[in-house]
Amino acid sequence: MTATIIKNGTIVTADLTYKADIRIEDGKITEIGPDLTGGTVLDATGCYVMPGGIDPHVHLEMPFMGTYSADNFETGTRAALAGGTTMVVDFCLPEPGQSLLDALQRWDNKATRANCDYSFHMAVTWWGEQVFDEMKTVVQEKGINSFKHFMAYKGALMVNDDEMFASFSRCAELGAIPFVHAENGDIVAQMQEKLMAEGNVGPEAHAYSRPPSVEGEATNRAIIIADMAGAPLYVVHTSCEQAHEAIRRARQNGMRVYGEPLIQHLILDEGEYANPDWDHAARRVMSPPFRNRQHQDSLWAGLASGSLQCVATDHCAFTTDQKRFGLGDFRKIPNGTGGLEDRMPLLWTHGVATGRLTMNEFVAVTSTNIAKILNIYPRKGAILVGSDADIVVWDPALTKTISAANQQSAIDYNVFEGQKVKGLPRYTLSRGLVSVEESTIETQPGHGQFIARDPYPAVSQALSTWKELVSPRKVERTGIPASGV
Ligand code: DUC
Ligand code: ZN
Ligand code: ZN
Ligand code: ZN
């Protein structure tokens, strides 16, 4: 295979900014230095050359609320690459009572046409001896080191505190990291019934039923359960100050707790639900719902100061027709919004271009931090010799207006419709394959590979230390080398 050389660009990583060329061979970075020659040249003049984005939170072709999310692994990863994201992590969802390994087989089958690399988090949607046993196989043989828990969606995906404590403890034993969707599902279910009984049936009632306090409470509870279990914790879609505050406090106390704002929550606010157009509001129904300006400012501050680590999308796109399942009953509107194609350009435009984030922070929160948390750094999330050539050549001068008319996603609208972005990929490379060249998208279905992940280092190191300690509880507080995230 001939080499590819990225020339004349400025490399930007989570900690360095410098001018150099990059040589790529067989999908890997093989040389970084000045004036490289001998290969197909990609001109990066005027561009920043960064690790491709990693979106740690997507739902492609997900069975949910009586339907399937509309983007599959082919369209979803195409959207990802178009926006500079070169790896996605989806959630494998066993049905309550179903084998984790059977569910994983189904997810493997769905992903065969992925255009970029991917991995899975395994969801724990029920508890029993079978789950306890299969978690070990999932970690030790299937390359999955993260387990998701839904504290909401009562009667469907939700698990209770005893189940979470058992699962988090098992994660700690196996060197895996628990993830949580933190909303108090019992209270949400009560609020939903009350709102419906009072005649509040429209999409705006979705937001009333899930206020920041239910998220803050659940986040606190998950943190305490993780602490009791001796596990780290990753809180998905952190949308409000109450949840952020709980995460900050836990980190200050020495816990490895990570928070993940979504690009949607950073940019869009609760005013969207007041739109009198039912379709407009319903298209924006997701959980947690959009919040007000104060919460948005809190999330931006968390990204800048390091108390929140990763920006994701929770990409879970439904068409307008699917959203209309909830006409007359907001509880039936499929929850979810898209964002895979727009995450990086929007975060650049609203973050870097405004001075809220440095370029290095941008790389950290879109790629490097999650690569470290998921234990795939520096294969992913880095520009280093030996890293996968998952690279975005970012042109800060390119502009576009986001629109459903020219998006890769399979749905018929875009929640960011009309937003202008400045800063877009000139090239996106997936393991060396040029998949995007400005507006030309040339992806290869099936090019994407499953990325196996070894046990989470902070937990597995703690496990080996435990053997020498009387009380495992001591370990959490005694200087295990930090992952630097
Ligand atoms: N929230 C959503 O909006 N969609 C998918 C699942 C979730 O938690
Ligand atoms: Zn969720
Ligand atoms: Zn509208
Ligand atoms: Zn989700």
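Counting convention: from 1, in listed order, for ligands and their atoms alike. Fair warning: this is a prediction, and the values are worked out from it, not measured in the lab.
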| field | Between R343 and Q264, a side-chain donor and acceptor under 3.5 Å | value | no
| task | Examine the side chains of D55 and T85 and answer whether a donor and an acceptor come within less than 3.5 Å of each other. | result | no
| Looking at R291, Q242, H295, which hits side-chain hydrogen bond (donor to acceptor under 3.5 Å, both in side chains) with E215? | R291
| query | In terms of residue, atom name and distance, what is the protein heavy atom nearest to atom 4 (N) of ligand 1? | reply | N335 O, 2.9 Å
| request: For H237, take its heavy atoms, then give the atoms of ligand 1 lying under 4.0 Å from any of them. | output: 8 (O)
| Identify the closest protein heavy atom to atom 7 (C) of ligand 1: which residue and atom is it, and at what distance? | Y153 OH, 3.1 Å
| Distance under 6.0 Å and angle within 45° of ring axis: R284 vs F416 | no
| query | Any N/O/S atom, backbone or side chain, of H57 lying under 2.8 Å from the Zn ion (ligand 2)? | reply | no
| Where is the nearest protein heavy atom to atom 3 (O) of ligand 1: which residue, which atom, and how far? | S287 N, 2.9 Å
| ligand 1 N/O within reach of H181 N/O, cut-off under 3.5 Å | yes
| query | Does any N, O or S atom in H59 come within less than 2.8 Å of the Zn ion (ligand 4)? | reply | yes
| For ligand 1, which atoms have a heavy atom of M286 less than 4.0 angstrom away? | 3 (O)
| task | For residues F91 and F120, establish whether the separation of their ring centroids is below 6.0 Å. | result | no
| message | Can you tell me which N/O/S atom of D314 has the shortest distance to the Zn ion (ligand 4)? | response | OD1
| message | A cation-pi test, strictly: NZ or CZ of R170 under 6.0 Å from the centre of the six-membered ring of F132 and no more than 45 degrees from its axis. Yes or no? | response | yes
| With R283, the side-chain hydrogen bond (donor to acceptor under 3.5 Å, both in side chains) member among T319, N275, T320, N414 | T320
| task | Would you mind listing which atoms of ligand 1 come within a distance below 4.0 Å of any non-hydrogen atom of D314? | result | 1 (N), 2 (C), 7 (C)
| query | Is K323 close enough and on-axis enough to F325, meaning under 6.0 Å and within 45°, for cation-pi? | reply | no
| query | About how large, to 10 degrees, is the angle ND1 of H181, then the Zn ion (ligand 2), then NE2 of H237? | reply | 90°
